[in-house]
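Written below as structure tokens is the structure these notes are about.
Reminder, nothing fancy here: chain letters follow the sequence lines and each chain counts from 1.
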Amino acid sequence: MNNIYFIYEEYHDYIKLISQGEWTLATVRQIEEKITKISYDKKIVWDLSNVSSFDSSGVVLFIEYYRAFQKRVEVEVVGYTPKQKEMYRLISKDLEIKTEYKKESIFEKIGKKAYEVIFDIFDFINFLGHLFLTFLNIFIHPKDFRIKEIVYHIHKSGLNALIIIGLTSFLVGMVIAYQGSVELAKFGADIFIVDTVGISITRELGPMITAIVIAGRSGSAYTAEIGAMKITEEISAMRTMGFDPYAFLVLPRVIALMVALPLLIFFSDIVGILGGMVASKMQLGISMTQFIDRLYEVLDVKEYILGMIKGPIFAFVIASIGCFRGFQVSDNTESIGLHTTSSVVNSIFLVIAFDALFSVIYTEFGL
Amino acid sequence: MKPVIKVDGIVTRFEDRTIHDGINLHVNKNEIYAILGESGSGKSVLMKEIIMLLRPNAGNISVLGREINNISHKEAQKLRLDWGVLFQFGALYSSLTIAENIEVQLKEYTNLSKSMRDRLVRSKLSLVGLKPYVANLYPSELSGGMVKRASLARALAMDPHLLFLDEPTSGLDPIGARNFDKLIVDLRNLLGITVVMITHDLDSIFGIVDRMAVLADKHVVAEGTLKNVLQSQHPFVELFFKNEYTKERFKEKIKDV
């Protein structure tokens, strides 16, 4: 029973337990393994005078077993120093208070989640209402229209996105032309590639690709910016100075994106068709002039406008969700990540959902 | 007796700005040592160099008998478990509760059972004078004083031999600051730890500090006990300790110098 941490001596009417060596964080585990095996049925005299070093972990271990022994037999502690006694006094105070962890049942979890989702929607409606009021306010006080911020955000979210939008659209245009050309060549209907590329890019793919890239690029940035400002209490500081965060942060971003996105879609349309043109030349040998002539014939301005109309709507969805999630960030760094993720996921999903809605509407009206 | 920390000829440059130009000091076992100096004198930089967050351009630092200039990764990890650091603004992990903050090192570096870890966490909370309910709160739900105490509890989690405190009493009310001072002294006496702190707090300096180093003009312009430091004629020492306010407020202590 004896080891480097304690000696166990059994006498006629008591057990003597002599602690020795180091009782510290590093040894607590080993001591605990051995000390639980002690059998006792009479008074214990616990001698601490041989312990070479004691830290607070050692004291915690001592207290735990002191109390455990005490439940069954009488325990007398001898040979302790005033320091150890003081440590005992400081540490033992709150050691026994058990903090209760409540386990949630599955139904509780489902209920809570549902409640969260519903209130999330209410919050968003509230946000939209506030945003609308701020917007109306511009007509009453035109001075509150923050043109400088708007231009800044058009530059940041619009102009700076040109390269990535151009690259993505060009590649998508090429892919459409490549894939289409294989099928069309079978029928000798090579020239119809122009119809395929022209209409699909302007009506569907241009707006969609642009919106998805912008959701990932600017929607996430809006959430992170506003979220970080919330953590550092900048938003509170603005409120105390009488600056409405909706007027200063949200509205400029929403308006800027609503201006920038249609322009980006316009750009995306051009580059996408250019991509298709290059692929047609390479794959089917359709010359540039041929391609453009055919484009004049088949691509109505209508198709292009139908695509552009989606721009401001997508922009509104992306910017408002980005800002809304930013305001939801709570006081820890992890929540910036969570809300940025949900901002991007929500806005991409809603962009696709709205696109589907547009398709239905266009078809219903025979456009 | 060998010093716990020995700083020898430290030179630090940020681009072409020299912060330290030959800093020498040593900290003895079991003392409360203060680093003071005007703002921008490189107190925090010096502390960061001692705790291996920054590397000096030249000079040697040895901590607990280990040279940190050419220390192996393994040795460095071992050394890091031997000290606790209290950052100026707490630096508690905001996504963890206070209990998890205190527990995190125990969980990573020891094989203690969950119940033992819980007990240790509670013992640390009671050591720094926090109520047990604080354990389940998040850092953002605590007041400034509680954040300081909670991060002190976290710094003490591994029962370190050495404790670094960056302006421990800044941002606390005077009563809270004195209680914190008392707590530091108690911990030093009970746990036998060595405390190194950056401070501007005159009450701490006159009340609890054993020895100190005064940083100014890229050098240590005075080192030693309060008595030694007060004998210095350096302009910063004059300004800091021998102004009317300090003289009046601490005349009892200054008298016998």
Side-chain angles (χ1 to χ4, degrees), chain A residues 22-33 35-36 52-68 81-102 227-228 230-233 329-339, chain B residues 78 81-82 84 89 91-102 105-106 109-142 147 153 156-161 183 186-193:
Chain A
E22 285 190 15
W23 281 52
T24 59
L25 183 62
T27 59
V28 156
R29 172 93 183 181
Q30 288 95 299
I31 300 173
E32 198 179 10
E33 270 168 16
I35 207 164
T36 46
S52 61
S53 67
F54 233 140
D55 65 10
S56 64
S57 315
V59 176
V60 170
L61 183 79
F62 167 78
I63 293 170
E64 197 180 342
Y65 283 89
Y66 173 62
R67 287 184 179 159
T81 62
K83 251 190 207 178
Q84 286 162 352
K85 196 177 175 195
E86 179 64 16
M87 261 161 102
Y88 174 81
R89 193 187 63 77
L90 263 178
I91 290 173
S92 63
K93 262 189 306 191
D94 298 321
L95 213 52
E96 273 316 305
I97 299 163
K98 272 259 178 262
T99 32
E100 292 283 319
Y101 291 100
K102 227 180 84 206
K230 185 135 189 258
I231 287 186
T232 53
E233 289 190 289
V329 168
S330 55
D331 289 327
N332 64 66
T333 43
E334 199 184 357
S335 94
I336 290 192
L338 283 174
H339 284 97
Chain B
K78 242 163 91 188
L81 300 188
D82 251 350
F89 302 106
L92 291 166
Y93 301 123
S94 57
S95 53
L96 304 180
T97 62
I98 299 307
E100 287 164 343
N101 260 290
I102 300 172
Q105 272 189 306
L106 292 169
Y109 297 117
T110 69
N111 51 5
L112 298 173
S113 60
K114 175 72 185 149
S115 71
M116 190 65 199
R117 288 204 305 265
D118 281 346
R119 272 163 207 279
L120 284 177
V121 167
R122 258 174 273 145
S123 77
K124 296 298 180 309
L125 284 174
S126 100
L127 260 184
V128 299
L130 285 174
K131 294 271 184 300
Y133 76 88
V134 175
N136 294 325
L137 299 181
Y138 284 90
S140 56
E141 297 168 306
L142 302 189
V147 166
L156 292 170
M158 296 295 285
D159 277 309
H161 296 109
L183 177 63
D186 282 349
L187 290 175
R188 189 268 307 262
N189 293 344
L190 283 177
L191 307 174
I193 48 186

| field | Side chain, backbone, both or neither of L61(A) within contact of chain B (heavy atoms, under 4.5 Å) | value | both
| field | Proximity breakdown for E32(A) and chain B, heavy-atom pairs closer than 4.5 Å | value | side chain
Just wondering, do [Y] and [X] contact through their side chains at under 4.5 Å, heavy atoms?
X	Y	answer
L127(B)	S56(A)	yes
S57(A)	R119(B)	no
L191(B)	M87(A)	yes

For the residue pair [X] and [Y], what are the closest heavy atoms and their distance?
X	Y	value
V28(A)	M116(B)	CG1-CE, 3.7 Å
R29(A)	L112(B)	NH1-C, 3.9 Å
N332(A)	S94(B)	CB-O, 3.1 Å

| Are more than 12 heavy atoms from other residues, nucleotides or ligands located less than 6.0 Å from atom CD of E33(A)? | yes
| Would one find more than 12 heavy atoms of other residues, nucleotides or ligands at under 6.0 Å from atom OH of Y93(B)? | no
| message | I need the Q30(A) CD to N111(B) CG distance, nearest 0.5 Å. | response | 7.0 Å
| query | With a 4.5 angstrom heavy-atom cut-off, which part of D186(B) approaches chain A: side chain, backbone, both or neither? | reply | neither
| Can you say whether L106(B) sits under 4.5 Å from chain A via the side chain, the backbone, both, or neither, judging by heavy atoms? | side chain
| Can you tell me if D159(B) uses its side chain to pair, donor with acceptor, with the backbone of T24(A) under 3.5 Å? | no
| field | Partners passing ring pair (Phe, Tyr, Trp, His ring centres under 6.0 Å) against Y109(B) (at least two apart in sequence or in another chain) | value | none
